[in-house]
Amino acid sequence: MRWSKAFIPTLRQDPADAEAVSHRLLVRGGFIRQLQAGHYSILPLGQRVRAKIDRIIREEMDRIGGQQFHLPALHPAEIWQKSGRWEKMGDDMFRLVDRKGADQALGMTHEEVFALLATEVTSYRQLPQIWYQIQTKFRDEPRPRSGVLRVREFTMKDSYSLDLDWEGLDVAFRSHRDAYHRIFRRCGLEAVDVTASSGAMGGSESVEFIVRSPAGEDWIVTCASCGYRANRERATSLLDEVDDPEEQAELEEFPTPGVKTIQDLAGSFGPWAEPRRQIKTLVYVVDDVPTLVLLRGDHELVEQKLMDATGAVRLRPAHPDEIRDLMGAQAGSLGAVGVEHLPVIADHALRGRRGMVTGANRDGFHLKGVDVERDIRVGRWADLRAVREGEPCAECGAPLELWKGIEVGHIFKLGTSYSEAMGAYVQDPQGNTRPIVMGSYGIGLERTMAAVVEASHDDRGIVWPITVAPYEAVVTVLRVDETSAREAGEELYRRLGEAGVEVLLDDRDERPGVKFADAELIGIPFRITVGPKGLERGVVEVTTRSGMQTRESTLDEAVRWVIQQVDQGRTLGG
RNA sequence: CGGGACGUGGCGCAGUUUGGUAGCGCGCAGCGUUCGGGACGCUGAGGUCGCCGGUUCAAAUCCGGCCGUCCCGACCA
């Protein structure tokens with residue numbers, strides 16, 4: 001491609017709306033443009049990058065026996081009603097009505113459609129199967145953000161495994177896990193697999209692939225000592241020693257005027273009211289049922305854990321007026337002591353605690369001497385609290401680390417819920433009819449592209465790994481008005497192209513600074529610079545984008561070297 | 001959905017407080033001089049000031065409503 005003919009709209013200044021590095025650089029470099037919040041046009045450079053990621057994914061999916069499909073993006077409501085997700089997906093699903101008045105949905109994921117196709121698999125002899133597609137997904141995200149990291153319309157590789165039994169699913173799950181590691185490694189990413197919550201997907205077990213980045217939205221807990229790693233939605237840690245008083249204390253109400261927060265209370269009274277001696281009482285509406293959620297005063301709730309523990313589909317904090325109606329007091333003076341009319345779910349950290357402090361359900365009053373088991377009717381115990389940095393690992397006791405990352409992939413063990421819902425059964429060797437055991441596996445392509453930028457850039461711009469770079473080399477011609485330079489550039493361009501190198505010829509009539517800055521911004525791995533001055537001495541320059549080292553060589557040697565480097569680089573991680 | 005900020009040529013911004021001719025830098029077009037790290041001169045094109053309504057002799061500017069975008073919190077590839 002000749003740069004003079006290419007549509008590569010680079011920007012000299014950072015776009016005003018872009019905060020995240022990948023957003024900033026992908027817009028500045030002319031890879032993407034926004035149409036509306038959460039919807040981006042992929043420009044030619046971005047398309048080339050995505051096509052490379054697409055290809056790597058297909059190679060690795062095919063390697064584990066995957067077969068590629070292409071399914072509709074518009075679905076009849078019936079299939080979603082059948083699986084129960086027409087309701088469950090709520091506002092996240094784009095819905096529309098066709099001219100006949102039939103309800104339609106834009107696909108957020110394709111368990112239903114694939115399970116429907118799986119009804120044509122009728123014998124265990126046809127199993128296992130791995131089916132996949134690379135296709136557009138639509139999710140009406142409440143808050144799209146960070147450029148292409150979180151959008152409402154995106155390309156996903158989704159695959160589905162079909163097996164006779166759970167042992168088969170284990171195999172499919174493991175091969176996907178291995179394939180995902182290869183995919184991300186080939187994209188130049190270091191992705192960590194962590195145990196995660198299954199969320200709206202349902203199922204028994206799930207693993208996320210996370211790339212470390214400050215632009216990420218997931219908090220990850222890892223242990224350097226034993227290798228434990230989990231999303232904070234699932235992570236646990238050891239609790240510190242409890243130093244409650246031995247003897248039973250009397251329950252006693254005491255005035256706490258003006259006290260609204262855990263901190264207020266701790267500050268106004270002695271050590272017996274410190275946060276870890278308090279019971280935090282939250283009111284949540286769990287699938288329309290108001291519920292008290294209890295945590296230790298210094299602990300923070302993870303809402304996903306509450307959803308997982310209750311199996312809830314919808315969860316929200318109660319509104320202030322609801323709280324007043326239910327509890328007779330405002331947030332700040334709430335407690336679960338004596339509460340009979342609401343379900344109470346409590347975090348494990350409160351088990352067996354005594355001498356605790358909590359709200360009295362009377363504004364300006366609290367209770368002390370609370371014995372959790374004696375005074376509170378806990379309907380259910382669960383792990384609800386957020387792990388904090390430095391807490392001891394539950395496996396080995398070493399201090400845990402907490403960091404932010406981007407979720408580029410997620411794999412789920414689904415089980416039989418979708419096959420049962422859609423009627424996908426096979427006969428086993430004994431002639432019994434059994435539901436197909438399914439797994440579901442996803443990778444976000446544009447998000448992967450953005451994650452690469454997040455992980456690989458410098459103050460000049462993007463540093464693409466060769467495997468996903470839009471072009472592998474750029475020939476930068478200085479002084480296109482000078483015949484010698486122009487002809488040498490054309491020759492380099494031709495020879496590299498003939499050798500199969502994806503090469504861009506910067507034949508624009510621009511000053512050197514502009515050309516260098518653009519080539520570095522869009523992150524082409526190798527640059528050959530041709531100018532009249534060098535040519536007088538018979539040399540060109542070869543610059544490596546990562547590290548920005550430059551060396552002089554003859555034209556022949558430069559061609560040879562770049563071809564060799566590209567060949568080597570393409571096999572990265574493969 | 002809660003909180004904050006913003007909306008003025010393709011991009012980045014000033015002008016709004018105190019109503020009165022729509023401006024700057026970059027980019028773009030033409031010509032010339034330059035050109036191995038984002039050149040310079042001259043000439044020129046390009047704007048419903050997010051939208052609707054109100055106040056006023058007069059609105060980018062004041063008032064009301066709506067829409068859009070970004071950031072922070074709850075959701076996911």
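Chain naming here is simple, since letters A, B, ... match the order of the sequence lines and numbering starts at 1 in each.
Using a 4.0 Å cut-off between a side-chain N of Lys or Arg and a carboxylate O of Asp or Glu, A/Arg145 and A/Glu19 do not qualify as a salt bridge. A salt bridge is absent between A/Lys533 and A/Glu536: the closest approach of a Lys/Arg side-chain nitrogen to an acidic carboxylate oxygen does not fall below 4.0 angstrom. A salt bridge does not link A/Asp347 with A/Arg296: none of the charged nitrogens is closer than 4.0 Å to a carboxylate oxygen. Between A/Asp193 and A/Arg177 there is a salt bridge, since at least one side-chain N of the basic residue sits less than 4.0 Å from a carboxylate O of the acidic one. At a threshold of 4.0 Å, the pair A/Asp140-A/Arg152 counts as salt-bridged, since one of the basic side-chain nitrogens sits closer than that to a carboxylate oxygen. Using a 4.0 Å cut-off between a side-chain N of Lys or Arg and a carboxylate O of Asp or Glu, A/Glu60 and A/Arg55 do not qualify as a salt bridge. For A/Arg385 and A/Glu300, the salt-bridge test fails: no basic side-chain N is under 4.0 Å from an acidic carboxylate O. At a threshold of 4.0 Å, the pair A/Asp298-A/Arg388 counts as salt-bridged, since one of the basic side-chain nitrogens sits closer than that to a carboxylate oxygen.
For A/Arg537 and B/G36, the CZ to C1' distance is 12 Å, given to the nearest whole Å. Straight-line distance from the CD atom of A/Glu536 to the C1' atom of B/G36: 12 Å, rounded to whole Å. Regarding A/Glu407, its CD atom lies at a distance of 11 Å from the C1' atom of B/C75, rounded to whole Å. Distance, A/Lys137 NZ to B/A77 P: 11 Å, rounded to whole Å. Rounding to whole angstrom units, CD of residue A/Glu446 and C1' of B/A77 are separated by 10 Å. Rounded to whole Å, the distance from CD on A/Glu19 to C1' on B/U69 is 13 Å. Rounding to whole angstrom units, CZ of residue A/Arg508 and C1' of B/G27 are separated by 13 Å. Rounded to a whole Å, the CG atom of A/Asp481 is 13 Å from the P atom of B/G32.
Listed by chain and residue number, A/Arg232, A/Leu402, A/Lys404 satisfy the side-chain contact (heavy atoms from CB on, under 4.5 Å) test with A/Trp219 (two or more places apart in sequence, or in another chain). With sequence neighbours left out, the ring-ring contact (aromatic ring centres under 6.0 Å, His included) criterion links A/Tyr441 to A/His176. Partners of A/Glu520 according to the side-chain contact (heavy atoms from CB on, under 4.5 Å) rule, which considers only residues two or more places apart in sequence or in another chain, are A/Arg460, A/Phe516, A/Arg527, A/Arg545, A/Met548. Taking the side-chain contact (heavy atoms from CB on, under 4.5 Å) definition, one finds that A/Arg33 meets it with A/Pro9, A/Leu11, A/Val27, A/Leu43, sequence neighbours left out.
Contacts between residues 33-40 of chain A and RNA chain B, defined by a heavy-atom separation below 4.0 Å, involve A/Gln34, A/Gln36, A/Ala37, listed by number. Taken residue by residue, residues 511-532 of chain A places heavy atoms nearer than 4.0 Å to RNA chain B at A/Arg511, A/Pro512, A/Gly513, A/Val514, A/Phe516, A/Ala517, A/Asp518, A/Glu520, A/Arg527, A/Gly531. Of the residues in residues 208-219 of chain A, those lying under 4.0 Å from RNA chain B by heavy-atom distance are A/Glu217, A/Asp218. Near RNA chain B, defined here as any heavy-atom distance below 4.0 Å, there are no residues from residues 546-557 of chain A.
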Practice task
Assess whether ring-ring contact (aromatic ring centres under 6.0 Å, His included) is satisfied between A/His181 and A/Phe209, documenting all intermediate values.
Solution key: CA-CA 8 Å; A/His181 278 303; A/Phe209 291 78; 5.1 Å; yes
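Of the candidates B/C71, B/G36, B/C76, B/C76 carries the atom nearest the A/Arg150 side chain, counting heavy atoms from C-beta on. Comparing B/C75, B/G36, B/C70 by their closest approach to the side chain of A/Asp17 singles out B/C70.
Taking atom C1' on both nucleotides, B/G73 is separated from B/A14 by 33 Å, rounded to a whole Å. Taking atom C1' in both B/A22 and B/U61, the straight-line distance is 12 Å, to the nearest Å.
Between the side chain of A/Asp92 and the base of B/C76, no donor-acceptor pair of N or O atoms lies under 3.5 Å. Judged by distance alone, with hydrogens and angles left aside, A/Arg152 brings no side-chain donor or acceptor close enough to the base of B/C76 to form a pair under 3.5 Å.
Nearer to the 5' terminus of RNA chain B, by closest-nucleotide assignment, is the contact made by A/Pro144 (compared with the other of A/Glu300 and A/Pro144). If A/Thr10 and A/Ile443 are placed on RNA chain B by their nearest nucleotide, the residue sitting closer to the 5' end is A/Thr10.
Contact annotation: A/Arg145 does not reach the phosphate of B/C70 (side-chain N/O to OP1 or OP2, under 4.0 Å).
Checked against a 6.0 Å centroid threshold, the rings of A/Tyr471 and A/Trp464 do not count as neighbours. Remark: aromatic rings of A/Trp131 and A/Tyr160 are distant, center separation not under 6.0 Å.
Residue contacts shown for A/Val151 include a base, since a base heavy atom lies under 4.0 Å away. The residue A/Gln13 sits close to a base: some heavy atom pair falls under 4.0 Å. Contact annotation for A/Arg460: base contact, defined as any heavy-atom pair under 4.0 Å involving a base atom.
Among all heavy-atom pairs drawn from A/Lys515 and A/Thr476, the shortest one is CB-CG2, 3.8 Å. For the residue pair A/Leu25 and A/Phe31, the shortest heavy atom distance occurs at O-CD1, 4.3 Å. The shortest heavy-atom contact between A/Ala309 and A/Ala382 is CB-CB, 3.8 Å.
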Distances for protein N/O vs nucleotides 1-9 of chain B N/O pairs under 3.5 angstrom?
none

Within the sub-3.5 Å range, which N or O atoms of nucleotides 47-51 of chain B have a protein N or O partner, and how far apart are they?
none

Nucleotide N/O to protein N/O under 3.5 Å, stretch nucleotides 28-31 of chain B:
none

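Among pairs with a residue in residues 135-156 of chain A, none fulfils ring-ring contact (aromatic ring centres under 6.0 Å, His included), at least two apart in sequence or across chains.
Counting heavy atoms from C-beta on, the side chains of A/Arg314 and A/Lys88 never come closer than 4.5 Å.
Between the NE2 atom of A/His110 and the CG atom of A/Leu117 there is a distance of 10.0 Å, given to the nearest 0.5 Å.
No donor-acceptor pair closer than 3.5 Å links the side chain of A/Thr544 to the backbone N or O of A/Ser546. With hydrogens and angles disregarded, a donor-acceptor distance shorter than 3.5 Å links the side chain of A/Thr448 to the backbone of A/Gly444.
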